[in-house]
Amino acid sequence: MLIPPYALTLPKIRDTSVVFASPHSGRRYPLAFVKGSLLDERTIRSSEDAFVDQLYAAAPDHGAPLLAATTPRAYVDLNRGAEELDPAVINGLRRVDHNPRVASGLGVIPRVVAGGRAIYRGKMSLGDAQTRLADHWRPYHAALQSLLQDSTDAFGEAILIDCHSMPHEAVTSLSKGWAQSPEVVLGDRFGASASSEVVSHVEEAFKRAGFRTSRNTPFAGAYMAQHYGRPSRNQHVVQVEIDRALYMNERLIRPNRDFHEIQQRLAMVIKEIAAFGQQDRALAAE
């Protein structure tokens, strides 16, 4: 029996337009995939947004659904388009237009994990790649689209909080010259995926919880923001990247001693963002 590629936790009463989703926290690695990889079990997890689903576990307590991938990013990257297939790892593909994500090995079926380390010894068939998309990518996106449509139908708008984590080394190296590197980076594709009002409320919620924030630098948003962000149609997407060093030991892939404190602070953020979705619902109904 096929295991669902996501876990969906719904609130008892859904009373906000906000949806929280974590597409990269999946950790259910198929045994044959791990055995056939060039990498050990810990290295293959290096691209994973480990524990992000747990960090946002309070979302349903505040009226918002939480959609969390169980499919690992190294197996199928749900934050990529289904067409972002890599001919360097999949047989039978015609040459495709240049795509920087695919070129770097980070297409919808990644060729590498963090640090450019190769996952596979050879190539897979196009049929195997298409099966992965059918079994993992399409069900996840069908569930997400349904949640966003439900929000639009009920509240007149949808706000997707696209939850991710960023390696500490990456954020510090990409923010050189700053007095302090950000702890949370909010991406709205420079205004293309969410209204300034929505992003400002999200940013203020993080700031009030004591997080240092930045917008779009060094991460502006990927497929989720690009595909689902339609502020002109009252569908907003804000990508949220949180520094992994705040809550986990990145080398061992384990929660650190500050995990529960960060989780509690994020619960405050979730409550405030969800309340904003309730406010918008009331305004839309007027």
Side-chain angles (χ1 to χ4, degrees), residues 14-25 49 52 55-56 58-59 62-67 78-79 144-145 147-152 154-166 170-171 174-175 178-244 246 262 265-284:
R14 188 170 171 185
D15 59 1
T16 177
S17 61
V18 180
V19 173
F20 290 86
S22 174
H24 283 166
S25 57
D49 286 347
V52 164
L55 290 177
Y56 288 88
H62 300 290
L66 173 63
L67 179 68
L78 301 170
N79 196 25
L144 179 56
Q145 182 60 67
L147 290 169
L148 296 175
Q149 188 62 56
D150 288 347
S151 282
T152 300
F155 311 120
E157 70 165 15
I159 300 173
L160 172 62
I161 305 300
D162 184 34
C163 307
H164 296 265
S165 66
M166 52 190 179
V171 71
L174 291 171
S175 56
W178 298 21
Q180 288 182 305
S181 60
E183 296 171 320
V184 170
V185 177
L186 304 178
D188 66 353
R189 297 188 66 83
F190 300 94
S193 72
S195 73
S196 59
E197 181 188 16
V198 168
V199 182
S200 293
H201 275 83
V202 172
E203 185 168 34
E204 287 304 312
F206 277 98
K207 285 182 174 179
R208 275 190 278 272
F211 293 100
R212 294 192 305 274
T213 67
S214 72
R215 289 195 196 184
N216 294 308
T217 305
F219 305 108
Y223 178 79
M224 297 295 182
Q226 182 177 4
H227 182 73
Y228 292 104
R230 296 290 184 271
S232 64
R233 301 179 191 173
N234 291 322
Q235 184 164 292
H236 309 271
V237 180
V238 181
Q239 177 180 282
V240 178
E241 298 271 4
I242 185 167
D243 186 347
R244 292 176 188 168
L246 293 177
I262 298 299
R265 288 167 62 190
L266 284 172
M268 296 166 51
V269 175
I270 291 164
K271 181 179 180 180
E272 192 168 332
I273 294 173
F276 175 67
Q278 294 167 341
Q279 171 189 322
D280 278 357
R281 190 266 314 257
L283 289 173

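Excluded from the calculations below are hydrogen atoms, water molecules and symmetry mates; all remaining heavy atoms, backbone and side chain alike, are included.
Listed by chain and residue number, R215 satisfy the side chain to side chain contact (heavy atoms under 4.5 Å, CB included) test with S200 (two or more places apart in sequence, or in another chain). Looking at residues two or more places apart in sequence or on another chain, you find no salt bridge (Lys or Arg N to Asp or Glu O under 4.0 Å) involving D162. Every residue meeting the side-chain hydrogen bond (donor to acceptor under 3.5 Å, both in side chains) condition with R244, not counting sequence neighbours, appears here in chain and number order: D49, S165. Applying the side chain to side chain contact (heavy atoms under 4.5 Å, CB included) criterion to A220, with sequence neighbours excluded, gives F190, N216. Under the side-chain hydrogen bond (donor to acceptor under 3.5 Å, both in side chains) criterion, S193 pairs with no residue, sequence neighbours left out. By the ring pair (Phe, Tyr, Trp, His ring centres under 6.0 Å) test, H164 pairs with H24, sequence neighbours left out.
The distance from atom CD of E183 to atom CE of M166, rounded to the nearest 0.5 Å, is 8.5 Å. Here M224 contributes atom CE and Q239 contributes atom CD; the two are 10.0 Å apart, rounded to the nearest 0.5 Å. Taken to the nearest 0.5 Å, the CZ atom of R212 stands 8.5 Å off from the CG atom of D243.
Looking only at side-chain heavy atoms (C-beta outward), E272 and M268 stay at 4.5 Å or farther from each other. A heavy-atom distance below 4.5 Å is not found between the side chains of T152 and N234. With a 4.5 Å cut-off on side-chain heavy atoms, V185 and S214 count as touching. Under the 4.5 Å side-chain criterion, counting only non-hydrogen atoms from C-beta, V18 is not in contact with H62. Side-chain contact between V238 and I273: absent, with no pair of heavy atoms (C-beta onward) separated by less than 4.5 Å. I242 is listed as a side-chain neighbour of L266, based on a closest heavy-atom distance under 4.5 Å. Under the 4.5 Å side-chain criterion, counting only non-hydrogen atoms from C-beta, F20 is not in contact with L147. Between R14 and V19, some side-chain heavy-atom pair lies under the 4.5 Å cut-off.
Proximity of a side-chain donor or acceptor of R265 to a complementary backbone N or O of G210 within less than 3.5 Å is detected.
Taking all atoms of both residues into account, the shortest heavy-atom contact from A222 to N79 is CB-ND2, 3.4 Å. The minimum heavy-atom distance linking S17 with E157 is given by the pair OG-OE2, 2.9 Å. Scanning both residues, Y228 and Q235, for their nearest heavy atoms gives O-NE2, 2.7 Å. Here the closest non-hydrogen pair linking L66 and Y56 is CD2-O, 3.6 Å. Minimum heavy-atom separation, P182 to T213: CB-C, 4.1 Å. Taking every heavy atom of both residues into account, P231 and G229 meet most closely at CD-C, 3.6 Å.
Below 30°, between 30° and 60°, or above 60°: for F276 and H201 the angle between ring planes is below 30°, a parallel geometry.
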**Request:** Could you give me the CA-CA distance, side-chain angles and deciding distance for L144 and L160, then say whether side-chain contact (heavy atoms from CB on, under 4.5 Å) is met?
**Result:** CA-CA 9 Å; L144 179 56; L160 172 62; 3.9 Å; yes

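Partner of H236 under the side chain to side chain contact (heavy atoms under 4.5 Å, CB included) criterion, out of V199, V198, D188: V198 alone.
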